[in-house]
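The sequence lines fix the lettering, A, B, ..., with proteins before strands; numbering per chain opens at 1. From a predicted model like this one, the values you see are computed outputs, not experimental measurements.
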Amino acid sequence: MSNLNLSEQELIRRKSLDELRKLGINPYPAAEYKTNAFAQDILDNYSPEKNNFQDVCMAGRLMNIRIMGSASFAEMMDSSGRIQIYIRRDDICPGEDKTMYNTVFKHLLDIGDIIGIKGRVFKTQMGEITIHVNEFTVLCKSVRPLPVVKEKDGILFDAVTDPEMRYRQRYVDLIVNPQVRDVFRKRTRIIQSLRELFNSKGYLEVETPVLQPIPGGAAARPFITHHNTLDIPLYLRIANELYLKRLIVGGFEGVYEFAKDFRNEGMDRTHNPEFTVMEIYIAYKDYNWMMSFTEELIKKAALDLHGKTEIIYGDNLINLNPPYKRISMIDSIKDNTGIDISGMDEEEMRKVCDRLGVPHSPEMGKGKLIDQIFGEKCEHNYIQPTFIIDYPTETSPLTKMHRSKPGLTERFELMINGKEIANAYSELNDPIDQMERFQDQLHLSEKGDDEAMFIDQDFIRALEYGMPPTSGMGIGIDRLTMLLTNQPSIQDVLLFPQMKPETLKVKAESQKEEYIELGIPEEWIEPLKKLGFITIAKIKEVEKPGKLANDLNGFNKKNKLGLSGLSPEAVGSWLK
RNA sequence: CGGCCCGUAGCUCAGCUGGUAGAGCACGUGACUCUUAAUCAUGGGGUCGAGGGUUCGAGCCCCUCCGGGCCGACCA
């Protein structure tokens, strides 16, 4: 009955499954399969002169099968790549019994199945490095047909490009689009590169709470959840900043964490509800030091990934070789708009916004207005890496006041390709100033800003014991990965980007008993369902029993079911 | 939240002014011992995203909904 929902190809593969079992072959064996070679290693290192790889054993997925009578070529893909294999009937079946080739290989194996092979490597007349197989083992039968992507001269045919399928069924994407695996290998290499640098300096990798009673450290709307035993609300973290700084108070010299953060906000090409941020805090440093460190880190990541600092993103050629340009936010606005906003009050700023066509609203303070102008008129112009420094106090409540510029803070953001890549400060460690900044945030919250920060009393208490002068920095790992792997969407650097739930096509089918109650012979239930009458209600809607009888008899004949014919009267009796 | 586009066989896509659903690959059967987008012959496979409406008749026109993409808004 469940077979009703299966396609023809799925039914055939399930039948092959049974056939294999009948031949005594377990399609899902448990035993370890010991391999001694990978496709890429063979392709890179085989040479006929050395006559190496003459006793290889490898495992992988069948991606293509070309049968030519008693010999066949196929392609097998393992974690390293694809390689061609050559299978000859009389090698596989040296004796009289040719079942393993004629039946198992030719008929019961399909594209998508996973097998193990033993054989020797050689070069075909066409010059392709190939494994001559003398034994194969079924390791996993695939019962769902894989999209078949073909390739010639680097051109892909029928490539799976549908974003919905690629993101929802990432496993399929990874199988048929090998360059996708490469992006995620690179993502991991980027993270490793940063971790190596931090560890080489003796900084400590730590873990801090994801479930937080007060979602602090950033301005964003959190996800809320509930703890049953404690009977309190908890928030999924929007940042880990305040916890890492507590650890600096505790005496660690440098701490860092690769953290999943969660923000209950919009989704687009650069935003996913959960995302990864690396934050690092180092005692006795300031934001100037941190700028140099950030340069070092970005350069290292680029070199580890590409071996050079020039990268291409979209149409832009970007050079990540330090030093990067440094410009204050005020100067940036001056450069990009010709307007010097230094010393202006809030009213003057509003007029500037109007003149520039920058949208603003009454609850925005001076700092927010500056931020707004920068975001609209400046940010997108910084394609080459540029540090924007010295941000307004109002929008930087965790940042130390600038040592010489009143009203500003010691903060920088690194812009690359017109996007923020990193954000860092000389951390505010004055507990009394910090308390006042939190209270300012509270006022913003009362004015209706639902992103204003909460007051974290325990964090204040920690600062009261004394936090050394510290610089902290955060990097969006997803966006850094997009940049370094030239991917246009955050979904392309997340293995499982957030999607709306798939609406499962679970059709409400009536039970067999309900059909029988109507007097419908059991053998006619399946044909009825095949014709779309999956519920009793559907049958009751039929107005012409003659037509239904005719359709059913036609179905019987077409599918050679061999059932005795139905009269219109018999069908009519079901409908009463 | 607004604008535009998309949803047809397992996959990639055609489908004319509304007139009985097509191709390639994949799949079944047969042939073939160095092929490679293998080839040749032959056969099957569809609730055209879902639901309504207009019509003698809808994959196509209208409405609603679901899912996806791009752009903008909001948001860092």
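Rounded to a whole angstrom, the distance from the P atom of B:G53 to that of B:G15 is 28 Å. The P atoms of B:G43 and B:G22 are separated by 15 Å, rounded to the nearest whole Å. Spacing between B:C34 and B:C13 at atom P, rounded to whole Å, works out to 35 Å.
Atom CD1 in A:I490 sits about 14 Å away from atom C1' in B:C75, given to the nearest Å. The distance from atom NZ of A:K106 to atom P of B:U29 is 10 Å, rounded to the nearest whole Å.
A heavy-atom distance below 4.5 Å is not found between the side chains of A:R168 and A:F496.
With the 3.5 Å cutoff on both pairing distances, Watson-Crick and G-U pairs in RNA chain B assemble into runs of at least 3 at B:1-7 with B:66-72, B:10-13 with B:22-25, B:27-31 with B:39-43, B:49-53 with B:61-65.
Base engagement by A:F122 is indicated by at least one non-hydrogen atom pair under 4.0 Å involving a base atom.
Between the side chain of A:Q9 and the base of B:A26, at least one donor-acceptor pair of N or O atoms lies under 3.5 Å. Residue side chain A:E75 does not reach the base of B:U36 through any donor-acceptor N/O pair under 3.5 Å, judged by distance alone.
Within the structure, every side-chain polar atom (N or O) of A:N264 is placed at least 4.0 Å from both OP1 and OP2 of B:C75. In terms of phosphate contacts, A:R66 brings no side-chain nitrogen or oxygen within less than 4.0 Å of OP1 or OP2 of B:U35.
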